[in-house]
Protein chains: 2
Amino acid sequence: MSQSVNDLRVTRSQRFIREALIDLIEERGFDALSVGEITARAMVSRATFYRHYRDKYDLVEQIYAEAMQALFGAIAVQETVHSPQIWVTFFDHVAEYDRLYGALLGEKGSPWFVRKMRTSLINLIKEFGRAAPQWQSDSAHPISLYPAEDDLIPDVIATMFVEAITWWLEHGKPFPPQEMARRGVALVGAIFKETSTW
Amino acid sequence: MSQSVNDLRVTRSQRFIREALIDLIEERGFDALSVGEITARAMVSRATFYRHYRDKYDLVEQIYAEAMQALFGAIAVQETVHSPQIWVTFFDHVAEYDRLYGALLGEKGSPWFVRKMRTSLINLIKEFGRAAPQWQSDSAHPISLYPAEDDLIPDVIATMFVEAITWWLEHGKPFPPQEMARRGVALVGAIFKETSTW
DNA sequence: AACATATGAGACATACTGTTTCATATCAAT
DNA sequence: ATTGATATGAAACAGTATGTCTCATATGTT
C-alpha cells in the first residue's frame, strides 16, 4: 500500500474519515450512510476514501481490527488469561472505545457489526468455559457439553454479552467495568451450572 | 388497496413473490437481494411488486405480520397464557414456519429481522417474567428489578431466545419443541434467580 | 530543492430504486 | 357469454449510489 508508513496526509485523511464516520453514525445511523456523505463530512475526496477502503464496511473492519489488537494487547498483559479478570479487562476496553462501540452497537448502529462482534466473542467464551470446569462440577456429562450441543451455549452467552455491552453503553455506563464483569461472570456461571445437567 | 378481496391474480403474484423471496434468501442472502432479482425469480413485473409492497422490507414485514397473527391465534387457544406452556406453543409455531424463520434468522438472513423479532419477544418475556414471581422468591428486591435495571434482563433473555431459535433451525431441529421450551424456561429461570440478587 | 505520492476534481459505466404511463390480459359478476 | 373492473407487463424516467479511472496539483518526505 503505502511505501512511507508515516505520511501526514494519509493519517490526516484517515483520521478525518474515522471521526466523520462515528459522528454520522450517531446522527443518522450506519445503514443510512453513503460513502459520499462520509467523505463530505470528512472534507475529503471520495477518491481518497476508495484509495484507503474498499467500502464503508471495510472502513469499520479496519477500525475494529485495530481495536481488537489493542484488546488482545491488554489481555496479554494479564497473567491469568483464563481467569474472570479477563472480563474486567474486556469491559475496560469497551469503556475506552465507548464512542466507537456505542455508535456501532446502539440503536443507530449496524446489525452487521453486532454479528461481527458476537463472532469475535464466541471464541473467547469457549476458552473461558473450558478453563472453568468447576462450573460443570455437579454434572453427569461434564465434558460432552460442547461437542454434543454443538456450541449452543457459547453462542447464547456471547450474544448475551454483546447485548449487555450495548445496554451498558446506551445507558451511559451506570456502573464500573468491574461490576459489569462481576455480573457477567455470575450470569455465565449460572447458565453453565444450569445447562451442565442437559 | 384491493376492492375484490379474492382476485386470483393478486394471490398468485404475492405467492410467487413470497416463494421467490425465501428461495433467494437461502441462496444469496437477504441483504444482497434487489427487488428486480426477486421479481425476476417470481416471474412477475417489478411494477407488480411495487403495487403490493413498499420495498423488500415491507414484504418481509407483511409476511411476518401474518405469522405473528397465526402465533397469537395459537396462543389465545391456551388457557394459561402465563404458563411455560406458552413456549411450547411458541416453538411449535417456529417449527411450522421453519423455512421462513430459518431463512431470515440464519446465516443468510437479515440482522434487521433479528432485531425485529427480538423486539416482538421482549414484551412476551416481560409478561412471562411478571407472571412467574417465584423466580424472584429469594430476592431482597423482588419487584424493583425491572424499573431499576431498565429492562436489561428481558432484553438479554429475548436476545437469548432468538439466538436459540436460530441455532435450533440451523441445526435441523435436533430435538422437539417441547424440549426447546423446557430448556428455554430452565435457562430463563436460572437467569432470573441469579439476577434477582443484584 | 528534488522527488514521491496522496489528493481533488470530475468523468464514467453500472446498478438499483421508486414512480409513472398505457395497452393488454385476466378476473369476477351478472 | 358478455361486461366492467383492475391487475399486470413493458418500458421509460429521474434520482442516487457505487466503484473505477485519469490527470493536474498540492503536499508531504528525504
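Order of the sequence lines sets the chain letters (A, B, ...), proteins ahead of strands, with each chain counted from 1.
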*What residues, two or more places apart in sequence or in another chain, satisfy salt bridge (charged side-chain N to carboxylate O under 4.0 Å, His left out) together with A:Glu179?*
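Per chain and number, A:Glu179 pairs via salt bridge (charged side-chain N to carboxylate O under 4.0 Å, His left out) with A:Arg182, A:Arg183.
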*Mind checking salt bridge (charged side-chain N to carboxylate O under 4.0 Å, His left out) for B:Asp92 and listing every partner two or more places apart, or none if nothing turns up?*
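If we apply the salt bridge (charged side-chain N to carboxylate O under 4.0 Å, His left out) test to B:Asp92, skipping adjacent residues, there are no hits.
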*Kindly write out the residues that satisfy ring pair (Phe, Tyr, Trp, His ring centres under 6.0 Å) with A:Tyr64, not counting sequence neighbours, or none if the list is empty.*
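Ring pair (Phe, Tyr, Trp, His ring centres under 6.0 Å) list for A:Tyr64, sorted by chain: A:Phe113.
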*Please name all residues satisfying ring pair (Phe, Tyr, Trp, His ring centres under 6.0 Å) with A:Tyr50, sequence neighbours left out, ordered by chain then number.*
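None.
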_Within residues 12-37 of chain B, which residues have any heavy atom lying less than 4.0 Å from an atom of DNA chain D?_
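Output list: B:Ser13.
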Gap between atoms [atom1] and [atom2], on [X] and [N] respectively (whole Å):
X       : N      : atom1 : atom2 : result
B:Arg54 : C:dG18 : CZ    : P     : 9 Å
A:Tyr50 : D:dT18 : OH    : P     : 5 Å
B:Leu59 : C:dT17 : CG    : P     : 13 Å
A:Asp7  : C:dA6  : CG    : P     : 6 Å
A:Arg9  : D:dA26 : CZ    : C1'   : 8 Å
A:Phe49 : D:dT18 : CZ    : P     : 9 Å
A:Asp55 : D:dT20 : CG    : C1'   : 14 Å

_In the structure I gave you, are the side-chain heavy atoms of A:Arg118 and A:Asp155 within less than 4.5 Å of one another anywhere?_
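Yes; the side chains approach each other to less than 4.5 Å.
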_Expected output: side-chain A:Lys108 to main-chain A:Leu24 donor-acceptor under 3.5 Å_ =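 No; zero donor-acceptor contacts below 3.5 Å.
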*Hey, what's the ring geometry for B:Phe90 with B:Trp87, parallel, tilted or perpendicular (30° and 60° as the breaks)?*
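The arrangement is perpendicular - the two ring planes meet at more than 60°.
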Could you list, one pair per line, each protein nitrogen or oxygen that sits under 3.5 Å from a nitrogen or oxygen of nucleotides 11-16 of chain D, together with the distance?
none

_On a heavy-atom basis, which atom in B:Pro177 and which in B:Val88 lie closest, and how many Å separate them?_
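Heavy atoms of B:Pro177 and B:Val88 come nearest at CB-O, 4.3 Å.
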*Just wondering, more than 12 heavy atoms not from A:Arg99 lying within 6.0 Å of its CZ?*
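Buried by this count: over 12 neighbours within 6.0 Å.
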*Would you tell me if any nitrogen or oxygen in the side chain of B:Thr48 comes within less than 4.0 Å of OP1 or OP2 on D:dG9?*
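Answer yes for this pair, as a side-chain N or O of B:Thr48 is under 4.0 Å from OP1 or OP2.
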